[in-house]
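First the structure, in the form of structure tokens, and then the observations on it.
Just the heavy atoms: all of them, side chains too, but no hydrogens, waters or symmetry mates, feed the values below. Letters A, B, ... are given to chains in the order of the sequence lines, protein chains preceding strands, and every chain is numbered from 1.
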There are 2 protein chains.
Amino acid sequence: MAQVKPMRADARRNYERLLKSAADAFAEHGENASLDDIAKRAGVGSGTLYRHFPTRQALLEAVYVDAIEALGDRADAIAKELPPGEALQEWLYEVCVRTIEVRGLKALLGAAVTDGSNAALTACGTHMKSAAARLVEAAQREGTLRGDLEPIDVLRLAHGVASAAELANGGRPRIRRYLSLLTEGLRPAED
Amino acid sequence: MAQVKPMRADARRNYERLLKSAADAFAEHGENASLDDIAKRAGVGSGTLYRHFPTRQALLEAVYVDAIEALGDRADAIAKELPPGEALQEWLYEVCVRTIEVRGLKALLGAAVTDGSNAALTACGTHMKSAAARLVEAAQREGTLRGDLEPIDVLRLAHGVASAAELANGGRPRIRRYLSLLTEGLRPAED
DNA sequence: GAGTTAAACGGAGACAGTCCCCGGTTATCT
DNA sequence: AGATAACCGGGGACTGTCTCCGTTTAACTC
């Protein structure tokens, strides 16, 4: 899985520089930041950028793998602190928050749960899906989550909640509300 | 509300032509179709396009006003055929279907329910919101919809459902499922 | 530490899209 | 028919994407 051949020193240096300025650029200008500009900031030619990262998606993924792995880890940390149903709810909340706040992450997470998406994204997708599966299955065993739900449906719906909340001014405060509406349903409470 | 001064004959002709080729182009290439190309297809210069429609949003809106008004009308038609709760569900279904299938409409409907969105979009937004309000309030009176929901929240959540369904291959078949999950909630059925 | 070589660099340039400007045209009114 | 204000249209500046290929350089050998 690791690099078959170690990269040449200059290649490695440029790779890291690109990653760093890409992170800055995406944070500053969103996921459509100019690629040539990213190369310029990193002090390399655009050819170098395109050699290391053939597509914008590839660069986006490289920049945000860490964030996605962190989300996977959070799933397990939360699972240790809360009962399954609440743990899932809380994890989905964090996923939505990141989706909205980390500019550029939304497209990536979206692609990760899209059918027939780019093979290069499978790593992220797998990571998210397996984290979701652990929480979903635990909640189902506990009986607080419908048994007929697939983890990927839950992830897609969370993505939808993030999209919905994003439409409201400020976004973030609406996440909890929309997420609980999703959990509880739109019908009147019966208790 | 109407044109204060009637348009000059040539201006009107170009306006209509642009609208027609824009509709074709958006349907064919999605909402990012080339504007210069649209002008070319319509047989006018790009200057003419930009004079009539200063921004892509403006053009998108002009192209889809009809579709949006049709959705508003559908709300009333459905309300006459079904009990309030089901009517809302059915209308949201149609909204989601259009959102996904009519390329270019998604951005517009999204902007229409976004806080602080462009003033030019207010017409569409108002139209959708009032249609939603009628159905939402009827369902609330009937007691099949939570009383603490604002129409705009319902629209945003529907937009979210459309986004979620879009991630699944083919999209459309998932709409009904995701919509009913939203209505019923993710907790196990109690009946 | 000089020589060799394959890997990596980088920026010029082809291409596509957006948007504005302004000389020329034309509908409309009298 | 002539005056005029509105409108047309395409040339061109600008920005962004992505590739190609002559040049540089790290890494390895002796």
Side-chain angles (χ1 to χ4, degrees), chain A residues 2-63 103-104 107-108 111 118 120-121, chain B residues 2-63 103-104 107-108 111 118 120-121:
Chain A
Q3 203 77 24
V4 184
K5 234 179 179 178
M7 274 172 129
R8 238 172 68 169
D10 52 349
R12 164 131 237 108
R13 191 177 60 238
N14 285 331
Y15 184 92
E16 315 252 286
R17 277 188 188 171
L18 282 168
L19 228 42
K20 192 160 298 183
S21 38
D24 291 352
F26 288 141
E28 190 171 338
H29 301 116
E31 60 183 301
N32 291 319
S34 156
L35 295 181
D36 273 24
D37 184 57
I38 290 174
K40 205 156 289 172
R41 288 200 206 196
V44 306
S46 47
T48 302
L49 186 157
Y50 287 97
R51 192 167 334 99
H52 285 301
F53 309 99
T55 65
R56 180 183 295 275
Q57 276 294 320
L59 179 55
L60 228 29
E61 193 191 11
V63 168
R103 305 186 66 172
L108 194 59
N118 193 325
L121 286 165
Chain B
Q3 204 77 23
V4 183
K5 235 178 180 179
M7 273 173 128
R8 240 172 68 168
D10 52 348
R12 164 132 237 107
R13 193 179 57 239
N14 285 330
Y15 183 93
E16 314 252 288
R17 278 189 188 170
L18 281 168
L19 227 42
K20 193 160 299 184
S21 39
D24 291 351
F26 287 142
E28 191 171 336
H29 300 116
E31 60 183 299
N32 291 318
S34 155
L35 295 182
D36 275 23
D37 184 56
I38 289 173
K40 204 156 290 169
R41 288 201 205 197
V44 307
S46 48
T48 303
L49 187 156
Y50 287 99
R51 191 166 338 97
H52 285 302
F53 309 99
T55 65
R56 179 183 295 274
Q57 277 293 321
L59 179 55
L60 227 29
E61 191 190 13
V63 168
R103 306 185 64 172
L108 194 58
N118 193 326
L121 286 165

Residue pairs fulfilling ring-ring contact (aromatic ring centres under 6.0 Å, His included) with at least one residue in residues 23-50 of chain A, sequence neighbours excluded: none
Close residues, residues 17-28 of chain B, relative to DNA chain C [heavy-atom separation under 4.0 Å]: none
Any B:Tyr50 side-chain nitrogen or oxygen under 4.0 Å from OP1 or OP2 of C:dC20: no
Note, B:Leu108 side chain near B:Glu31 side chain (heavy atom, < 4.5 Å): no
d(CG, B:Leu59; P, C:dC19) in whole Å: 11 Å
Contacts of A:Arg17 that satisfy salt bridge (charged side-chain N to carboxylate O under 4.0 Å, His left out) - sequence neighbours left out: none
Spacing of A:Glu31 atom CD relative to D:dG16 atom P, expressed in whole Å: 16 Å
Interface residues of residues 33-41 of chain A with DNA chain C (non-hydrogen, below 4.0 angstrom): none
Set of salt bridge (charged side-chain N to carboxylate O under 4.0 Å, His left out) partners for B:Asp36, sequence neighbours left out: none
For B:Arg8, salt bridge (charged side-chain N to carboxylate O under 4.0 Å, His left out) partners two or more places apart: B:Asp10
Contact state string [nucleotides 2-11 of chain C, B base, S sugar-phosphate only, - no protein heavy atom under 4.0 Å]: -----BSBBB
B:Glu16/B:Arg12 under salt bridge (charged side-chain N to carboxylate O under 4.0 Å, His left out): CA gap, chis, key distance, verdict: CA-CA 6 Å; B:Glu16 314 252 288; B:Arg12 164 132 237 107; 3.5 Å; yes
Residues which pass side-chain hydrogen bond (donor to acceptor under 3.5 Å, both in side chains) with A:Arg103, listed by chain and number, not counting sequence neighbours: none
Contacts of type ring pair (Phe, Tyr, Trp, His ring centres under 6.0 Å), residue A:Tyr15, not counting sequence neighbours: A:His52, A:Phe53
Spacing between B:Asn32 atom CG and C:dA16 atom P, to the nearest angstrom: 17 Å
Selection residues 39-50 of chain B - residue pairs positive for salt bridge (charged side-chain N to carboxylate O under 4.0 Å, His left out), sequence neighbours left out: B:Glu28-B:Arg41, B:Asp37-B:Arg41
Length of the CZ-C1' vector between B:Phe53 and D:dG9, whole Å: 16 Å
CG on B:Leu18 to CD1 on B:Ile38, rounded to 0.5 Å: 8.5 Å
Salt bridge (charged side-chain N to carboxylate O under 4.0 Å, His left out) involving A:Arg56 - partner list, sequence neighbours excluded: none
Spacing between A:Gln57 atom CD and D:dC18 atom C1', to the nearest angstrom: 17 Å
